[in-house]
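For reference, the structure discussed in these notes is given below.
The chains referred to below are lettered A, B, ... by the order of the sequence lines, with proteins before strands, and numbering in each begins at 1. Keep in mind it's a predicted model, so treat the numbers as computed, not measured.
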Amino acid sequence: MSELQAGKIVKVAGPLVVAEGMAGAKMYDVVRVSKHNLIGEIVELHGDRASIQVYEDTVGIGPGEIVINTGAPLSVELGPGLIESIYDGIQRPLDELYKSQGSFIERGATLPGLRRDKKWHFVPTVSNGTKVQQGDIVGQVQETTLLLHKIMIPFGIEGIINGLNEGDYTVDQVIAKVKKQDGSDADIMLMQKWPVRQPRPSAKRLAPDKILQTGQRVIDTFFPIAKGGTACVPGPFGTGKTVVQHQLAKWVDADVVVYVGCGERGNEMTDVLTEFPELKDPRSGEPLMMRSVLIANTSDMPVAAREASVYTGITLAEYFRDMGYTVAIMADSTSRWAEAMREISTRLEEMPAEEGYPAYLGARIASFYERSGRVECAGSPQRQGALSIIGAVSPPGGDLSDSVVQATLHVVKVFWSLQARLAQQRHFPAIDWLTSYSFYKQYLAGCFENKHEADEMMELSKVSMGLLEKESELIEIVRLVGAESISAADQMALETAKSIREDYLHQNAYHKVDTHTSLDKQRNMLGTILYFHEKGLEAIDKGAEPKDIFALAVREDIARAKYIPEDEKEKLNAIRNTIDDQIGSLYAIV
Amino acid sequence: MLKEYQTVASVYGPLMLVEGVENAKYGHIVDIEMGNGEIRHGQILQVEKDKVLVQIFEGTSGVDIDKSKVRFLGKPMELGLSPEILGRVFTGTGAPKDGGPAIVPDKKLNINGNPINPYSRDYPNQFIQTGISTIDGLNPLVRGQKLPIFSGSGLPHDEITAQLARQATVRGEGEHFAVVFAAMGITFEAAQFFIDDLTNTGAIERAVLFINLANDPAIERIATPRVALTAAEYLAFDQGMQVLVILNDMTNYCEALREISAARKEVPGRRGYPGYLYTDLATVYERAGRIKGNKGSITMVPVLTMPEDDKTHPVPDLTGYITEGQIILGRSLHRKAVSPPVDVLPSLSRLKDKGIGKGKTREDHADLYNQLYAAYARGKEAQELATILGEAALSEEDQKYMRFANEFEGRYISQGYYENRTVEQTLDLGWELLSMFDNAELKRIDVKLIEKYMPKFRKTSI
């Protein structure tokens with residue numbers, strides 16, 4: 001790296017620094033700025049003149065100061081120790097920073113992403129003398145009770161492996177050597193590095209045809225997301241974007257969850273930090289933190305690191321995908337990421353496109369979401385991994401014509417539309433059932449082993465959406481002429497639609513049972529609501545008065561079905577019998 | 001030792017370009033000595049080789065290119081602090097304004113502060129009693145929260161902030177409470193009202209004021225909230241006090257920011273505000289909070305006037321994305337002489353659930369506000385219906401809810417600016433108002449709580 005020269009600063013404007021004398025520099029090389037050692041990244045090159053976005057506060061920096069090129073792009077460390085960590089946007093561990101610096105983040109800190117002092121118990125899974133190539137799993141480390149960390153051959157290495165031994169190693173100790181074809185040895189460690197802006201390769205892309213279950217009724221039943229799929233949640237402030245993201249981070253049936261708090265509130269991250277270790281995974285009973293990685297770049301932290309935080313997050317997620325796991329990444333909020341891009345672009349004096357955003361906004365967003373997907377992982381043994389991306393978008397004034405929303409909708413397959421109107425009625429999650437969509441719905445049937453149940457679920461979902469549609473048409477008429485003037489069957493439809501909204505779609509994130517509903521219970525709950533609808537219509541045919549049907553006590557049971565714990569299924573099943581009994585009693589009167 | 005430069009190349013808007021400067025650093029401050037000996041202050045916005053772009057806090061009127069001398073002070077803007085700042089009034093950049101002596105600083109702090117490490121934040125979950133029912137009862141404020149007041153021109157946000165400053169206390173023994181007030185571009189009248197009000201009630205003893213009036217230099221406003229927050233951080237995290245920061249009015253602050261941005265010919269975002277408005281506001285608002293292992297806290301109440309009462313205007317919109325809820329003032333309530341005219345339905349405190357309940361306020365608090373909220377929402381609908389159809393056309397039930405809404409507005413919301421209610425009084429008033437309904441109608445309240453609290457109020461109302 002001797003050809004890399006130290007440059008000199010010629011210009012400072014906020015997070016953007018321009019330096020000259022940077023011969024040999026490459027785009028996106030990481031540099032160290034001034035004696036304060038601020039971390040920056042080259043974003044533009046003209047001859048030996050480089051524009052640098054600096055990830056830390058630049059106050060007190062001026063022309064003439066030195067810039068040193070590290071010659072490497074912005075990279076993250078991948079290996080055991082990622083899980084349970086909380087990082088800033090460029091993978092500096094915030095808990096370690098707190099120990100070394102105190103409560104406020106000072107600039108110029110350098111800390112490795114993975115702890116060097118911790119030993120991990122490594123167990124080889126291949127024998128010495130095996131021919132290995134990139135992506136091959138050669139051993140494993142039980143990182144947390146929930147995660148078996150697979151150690152893979154880094155990309156670009158191929159040859160005969162030797163020196164593998166079971167034992168306790170730190171992440172930077174050599175655990176084996178690979179003799180390459182040219183005769184040289186490559187060291188294998190528990191840790192490897194990867195540049196964040198470059199997607200990690202895989203053997204083959206597969207269609208995302210399995211549903212990622214979330215336990216959120218409106219999502220699973222009507223707008224499901226696939227393992228390896230993409231979704232976006234736009235909405236104005238106060239509509240519960242963050243609560244939706246938190247709920248998904250807690251309940252999705254993924255092996256690893258990466259949560260990126262990008263330019264959002266500090267107190268919200270604290271909430272996640274205090275809550276996750278206490279919450280238990282519904283499947284294993286272990287704390288959810290045992291499968292989570294948090295990246296917190298709050299809105300008061302430097303803007304350039306915010307731009308990087310999304311890439312840091314997705315790279316960690318891809319690494320776990322490569323082990324053959326199902327991974328979900330939540331980015332809250334991608335608007336802040338886009339704004340960071342805009343800020344840097346403005347300082348670079350680039351010609352703006354819409355709303356001052358750079359012309360490459362759409363391309364950047366698209367290529368970010370393209371890093372999702374279900375794949376055949378590189379290397380052996382053969383395995384499949386999936387990476388789903390769920391991005392929150394915060395459009396100004398809730399206006400969906402915003403550039404970031406539009407660019408995102410262009411590429412994502414699921415759209416959960418949050419409405420201020422619903423939030424004001426305290427209907428949460430405030431996902432609008434009429435405007436949201438999902439392209440993965442046909443895969444919902446695949447979640448059920450039993451064909452009958454699968455068909456039933458698809459049918460229930462279809463019928464109830466029909467009723468909700470009908471409600472939106474009828475409601476205008478009712479407002480004008482009153483509910484009494486429409487037909488009894490329509491009244492029943494309205495009442496059932498209301499029941500679907502209030503007793504099914506409405507879900508309380510803070511209630512210990514209601515916060516998560518299994519697909520099986522969802523099928524049962526929705527089935528019960530529609531069973532009442534069906535029986536009600538029959539009764540109307542036989543001359544019963546709608547208002548008598550609506551007044552039946554069993555409706556209270558239907559409304560409370562959401563609070564029945566998963567293991568008390570029989571209570572839920574009993575509701576249908578009660579419906580039969582009470583509707584039957586109406587006939588007695590007739 | 002400081003070098004002086006007489007090389008001002010150009011002056012435009014609030015900005016000045018100086019050439020031939022050595023060793024200038026981004027973000028540092030400068031003194032500008034004008035031809036007539038007047039000293040003005042500025043901050044470096046950009047350095048390119050030997051050219052330095054400076055924003056002048058006091059504005060550029062009267063600045064001339066030939067005679068002005070510029071001194072680069074080689075440090076960022078700092079504020080000298082000591083416990084003596086309590087009870088004092090300063091300018092928007094931190095110079096004494098009350099005729100008192102200069103502060104002998106214990107400590108000098110950079111006004112830009114440093115971001116709080118998210119890992120070191122402590123979750124805000126301790127109740128602050130403001131004595132205002134609509135806040136304490138329905139949208140509780142907790143220590144370390146940032147809860148803005150969205151107001152409009154002609155609405156009485158000054159009275160409310162004065163009431164907050166006077167009445168806010170934390171529950172618990174041995175806690176010291178302080179108020180830091182930053183005025184940005186408010187009128188002399190409004191500022192004087194606030195100062196007089198605090199002086200008359202003695203609350204000034206525990207307050208620090210930073211005042212930038214409407215006729216003070218607009219650019220100074222960019223520094224004012226940061227100066228005030230630096231003082232607040234000192235009181236909170238150095239002195240262990242519970243600090244309430246009131247920033248009035250953030251819309252003026254944003255306009256000053258827009259002025260600078262326009263002068264620099266930056267690509268504007270929405271309505272001409274700079275694209276980095278969100279980031280900039282966040283660096284102000286996010287300085288609220290609590291820190292692990294530290295006794296003190298900063299709670300923030302920014303006030304902003306929404307142009308044309310439009311909540312989607314960039315200033316309230318971006319504020320709402322950063323703060324933890326909002327208190328919205330309603331024009332129609334104000335017209336009905338409801339004071340303070342807090343529009344309950346769209347107001348929200350995101351952290352309310354964490355700061356109330358048994359041991360913090362009272363066990364019935366959460367159920368009670370849910371019920372009051374639901375009943376009032378229903379009553380409001382009935383009120384609206386009545387204006388279309390006439391009161392007589394309403395069903396008996398609707399009429400009852402409408403009566404409730406009227407009572408609720410008249411007694412619960414409207415308490416006047418000088419009544420200080422304890423949270424227990426607020427909760428009891430809630431029960432009293434709900435006593436016009438049968439127990440069975442109070443679906444949001446746990447039956448056990450109704451049995452425990454309601455009987456007392458049934459007697460008085462029947």
Name the region of [X], side chain, backbone, both or neither, that has any atom closer than 4.5 Å to a heavy atom of chain B.
X	answer
E264(A)	both
I105(A)	both
V303(A)	side chain
E349(A)	neither
K8(A)	neither
P352(A)	side chain
P93(A)	neither
I61(A)	backbone

If every non-hydrogen atom of [X] is compared with every non-hydrogen atom of [Y], which pair is closest and at what distance?
X	Y	value
I322(B)	R265(A)	O-NE, 2.9 Å
T270(A)	P118(B)	OG1-O, 3.9 Å
S103(A)	I291(B)	OG-CG2, 3.1 Å
V59(A)	N112(B)	CG2-ND2, 4.4 Å
A282(B)	D300(A)	O-CB, 4.0 Å
G62(A)	K25(B)	N-CD, 3.5 Å

Can you tell me how far apart [atom1] ([X]) and [atom2] ([Y]) are? Round to the nearest 0.5 Å.
X	Y	atom1	atom2	result
N117(B)	E96(A)	CG	CD	11.0 Å
Y123(B)	E268(A)	OH	CD	8.0 Å
S333(A)	Y278(B)	OG	OH	7.0 Å

How about N267(A) and E324(B): does a side-chain donor come under 3.5 Å of a side-chain acceptor?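 Per modelled atom types, N267(A) and E324(B) side chains form a pair under 3.5 Å.
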Using the rule side chain to side chain contact (heavy atoms under 4.5 Å, CB included), only one of E106(A), M301(A), Q101(A) pairs with N114(B); which is it?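 Of E106(A), M301(A), Q101(A), side chain to side chain contact (heavy atoms under 4.5 Å, CB included) with N114(B) is met by E106(A) alone.
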Is a side-chain donor or acceptor of E339(A) paired with a backbone partner of T279(B) at a separation under 3.5 angstrom? no
Out of [options], return the one with the most heavy atom pairs under 4.5 angstrom to chain B.
options	answer
G356(A), A296(A), S394(A)	S394(A)
D95(A), V18(A), I86(A)	D95(A)
T298(A), L16(A), T58(A), T274(A)	T58(A)
G397(A), P396(A), P236(A)	P396(A)
Y357(A), Y510(A), Y98(A)	Y98(A)

Residue, of [options], that accumulates the most heavy atom pairs under 4.5 Å with chain A:
options	value
Q326(B), K292(B), Q46(B), E286(B)	E286(B)
G269(B), P124(B), G74(B), G289(B)	P124(B)
A288(B), G320(B), G27(B), G293(B)	G320(B)
T323(B), D353(B), L348(B)	T323(B)

Structural part of [X] lying under 4.5 Å from a heavy atom of chain A:
X	answer
T319(B)	neither
Y373(B)	side chain
A24(B)	backbone
K51(B)	neither
D122(B)	backbone
P314(B)	neither
R270(B)	side chain

Do K241(A) and Y321(B) have side chains that get closer than 4.5 Å, going by heavy atoms?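 With C-beta onward as the side chain, the pair touches.
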Please examine the side chains of R347(A) and Y276(B), heavy atoms only from C-beta on, and report whether any two atoms are closer than 4.5 Å. yes
For F237(A), is the NZ or CZ atom of R350(B) found under 6.0 angstrom from the centre of its six-membered ring and inside 45 degrees of the ring axis? no
Any chance CZ of R444(B) has more than 12 other-residue heavy atoms, nucleotides or ligands included, within less than 6.0 Å?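 For R444(B), atom CZ is not crowded (no more than 12 foreign heavy atoms under 6.0 Å).
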